[in-house]
*Asks:* 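Handing you a structure now.
Computed from heavy atoms alone, side chains included, the values below leave out hydrogens, waters and symmetry copies. As the structure lists them, so they are numbered: ligands from 1, and atoms in each ligand from 1.
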Amino acid sequence: MAGRRGALIVLEGVDRAGKSTQGRRLVDALCDAGFRAELLRCPERSTEIGKLLSSYLEKKSELEDHAVHLLFSANRWEQVPLIKEKLSQGVTLVMDRYAFSGVAYTGAKKLRSVEASARGEFGHERYEKKAFQERVLQCFQQLMRDETLNWKVIDASKSIEDVHEEIRALSEEAMESAAQRPLGELWK
Ligand code: 2DT
Ligand code: MG
């Protein structure tokens, strides 16, 4: 249908939840079904700002917490013109993380309520520690209280295939309802 706008589908969650795997599967499935869909990620590590963030995350450089927060934000703003253009052209965007990670990960640095525990089976990047991830989860749970944001909670412990089916069905609903509403302001 001419003039249909795309939906902005944001996958959020702690590290290792399977967002990148599911994002790729979702875009492939939507394209196979004849929809126009593309994958974007935050941070997008290929830009100049993204390279600073990548080096920080890999613990190759140190940056002050507020400055890092603003770099993550700037890294999203760099993508905003493209996001708006694609959505208005009818392309559905699947985002591997977005501004909610910005709030949750910075918020987790301020929460000191959970006891530090032994390092889990995470990778080697800066935030990949169990106690930190628990604080991130707490922050996401607070963000999900905002009912205007249309959150859907997905149990990521199920199989890749089951999680994919659930996300695909929810995404098709979201694309249908997005098409009925004009593009509003982005939460960024
Ligand atoms: P991945 O590339 O593995 O998802 O890791 N992050 C992300 C922030 O701290 N603030 C943000 O605004 C965003 C988008 C989450 C990227 C890491 O960066 C964190 C994990
Ligand atoms: Mg990661």
Side-chain angles (χ1 to χ4, degrees), residues 7-28 37-84 86-87 93-114 116-117 119-144 146 149-154 156-157 160 163-164 167 171 185-188:
L8 182 67
I9 296 167
V10 176
L11 303 180
E12 286 284 14
V14 296
D15 283 271
R16 296 292 163 95
K19 298 175 297 303
S20 305
T21 304
Q22 291 296 334
R24 285 191 297 269
R25 288 288 295 267
L26 178 59
V27 167
D28 287 349
E38 292 177 26
L39 185 68
L40 295 178
R41 59 196 62 76
C42 289
E44 169 51 62
R45 299 188 191 216
S46 65
T47 67
E48 290 304 315
I49 294 170
K51 285 176 196 156
L52 293 174
L53 288 167
S54 194
S55 148
Y56 170 78
L57 289 167
E58 291 167 15
K59 294 187 266 190
K60 290 178 183 155
S61 61
E62 294 300 320
L63 289 166
E64 198 274 337
D65 287 340
H66 300 79
V68 171
H69 182 82
L70 293 175
L71 286 177
F72 274 112
S73 174
N75 183 248
R76 282 189 294 279
W77 279 99
E78 302 189 285
Q79 300 201 66
V80 166
L82 179 74
I83 292 175
K84 288 188 170 168
K86 294 276 181 189
L87 292 176
L93 295 177
V94 176
M95 306 283 311
D96 183 353
R97 297 191 187 276
Y98 193 53
F100 311 98
S101 279
V103 176
Y105 280 70
T106 294
K109 291 180 171 176
K110 298 184 181 129
L111 287 182
R112 296 282 174 237
S113 56
V114 180
S117 64
R119 193 176 294 179
E121 68 288 10
F122 290 105
H124 300 294
E125 283 205 337
R126 191 173 288 272
Y127 300 134
E128 296 179 337
K129 298 193 188 71
K130 192 162 179 287
F132 190 82
Q133 295 289 322
E134 280 165 6
R135 298 202 292 272
V136 171
L137 183 59
Q138 269 178 264
C139 291
F140 276 129
Q141 278 161 347
Q142 263 180 27
L143 283 170
M144 284 191 298
D146 183 343
L149 289 168
N150 197 19
W151 289 100
K152 308 285 180 202
V153 180
I154 289 144
S157 68
I160 291 180
V163 172
H164 168 67
I167 294 180
S171 298
E185 268 308 298
L186 288 171
W187 205 100
K188 52 194 176 280

*Asks:* Which of the numbered atoms in ligand 1 are under 4.0 angstrom from any heavy atom belonging to Y98?
*Replies:* 14 (C)

*Asks:* Could you tell me whether the side chain of M95 reaches within less than 4.5 Å of the side chain of R41, counting heavy atoms only?
*Replies:* no

*Asks:* If I apply the N/O under 3.5 Å rule, does C42 come out as touching ligand 1?
*Replies:* no

*Asks:* N/O of R76 under 3.5 Å from N/O of ligand 1, yes or no?
*Replies:* yes

*Asks:* R126 side chain to Y56 main-chain N or O, any donor-acceptor pair under 3.5 Å?
*Replies:* yes

*Asks:* Going by an N to O cut-off under 4.0 Å, is there a salt bridge joining E125 and K59?
*Replies:* no

*Asks:* Using a 4.0 Å cut-off to any heavy atom of L57, which atoms of ligand 1 qualify?
*Replies:* 16 (C), 17 (C), 18 (O)

*Asks:* Taking CG in L63 as the centre, count heavy atoms belonging to other residues, nucleotides or ligands within less than 6.0 Å. Is the count above 12?
*Replies:* yes

*Asks:* Please confirm whether R41 approaches ligand 1 to less than 4.0 Å, judged on its heavy atoms.
*Replies:* no

*Asks:* Do NZ/NE/NH1/NH2 and the carboxylate oxygens of K19 and D96 come within less than 4.0 Å?
*Replies:* no

*Asks:* With atom 18 (O) of ligand 1 as the reference point, say which of F72, Y105, Y56, F100 has the nearest heavy atom.
*Replies:* F72

*Asks:* Under 4.0 Å from a heavy atom of G102: give me the atoms of ligand 1 that qualify, with their elements.
*Replies:* 10 (N), 11 (C), 12 (O)

*Asks:* Please work out, at 4.0 Å between heavy atoms, whether the side chain, the backbone, both, or neither of D96 comes within that distance of ligand 1.
*Replies:* neither

*Asks:* Does any donor atom in the side chain of N75 or E44 lie under 3.5 Å from an acceptor atom in the other side chain?
*Replies:* no

*Asks:* Indicate yes or no: does K110 engage D65 in a salt bridge with an N to O separation below 4.0 Å.
*Replies:* no

*Asks:* Quick check: R97 and ligand 1, any N/O pair under 3.5 Å apart?
*Replies:* yes

*Asks:* Would you check whether R45 reaches within less than 4.0 Å of ligand 1, judged by its heavy atoms?
*Replies:* yes

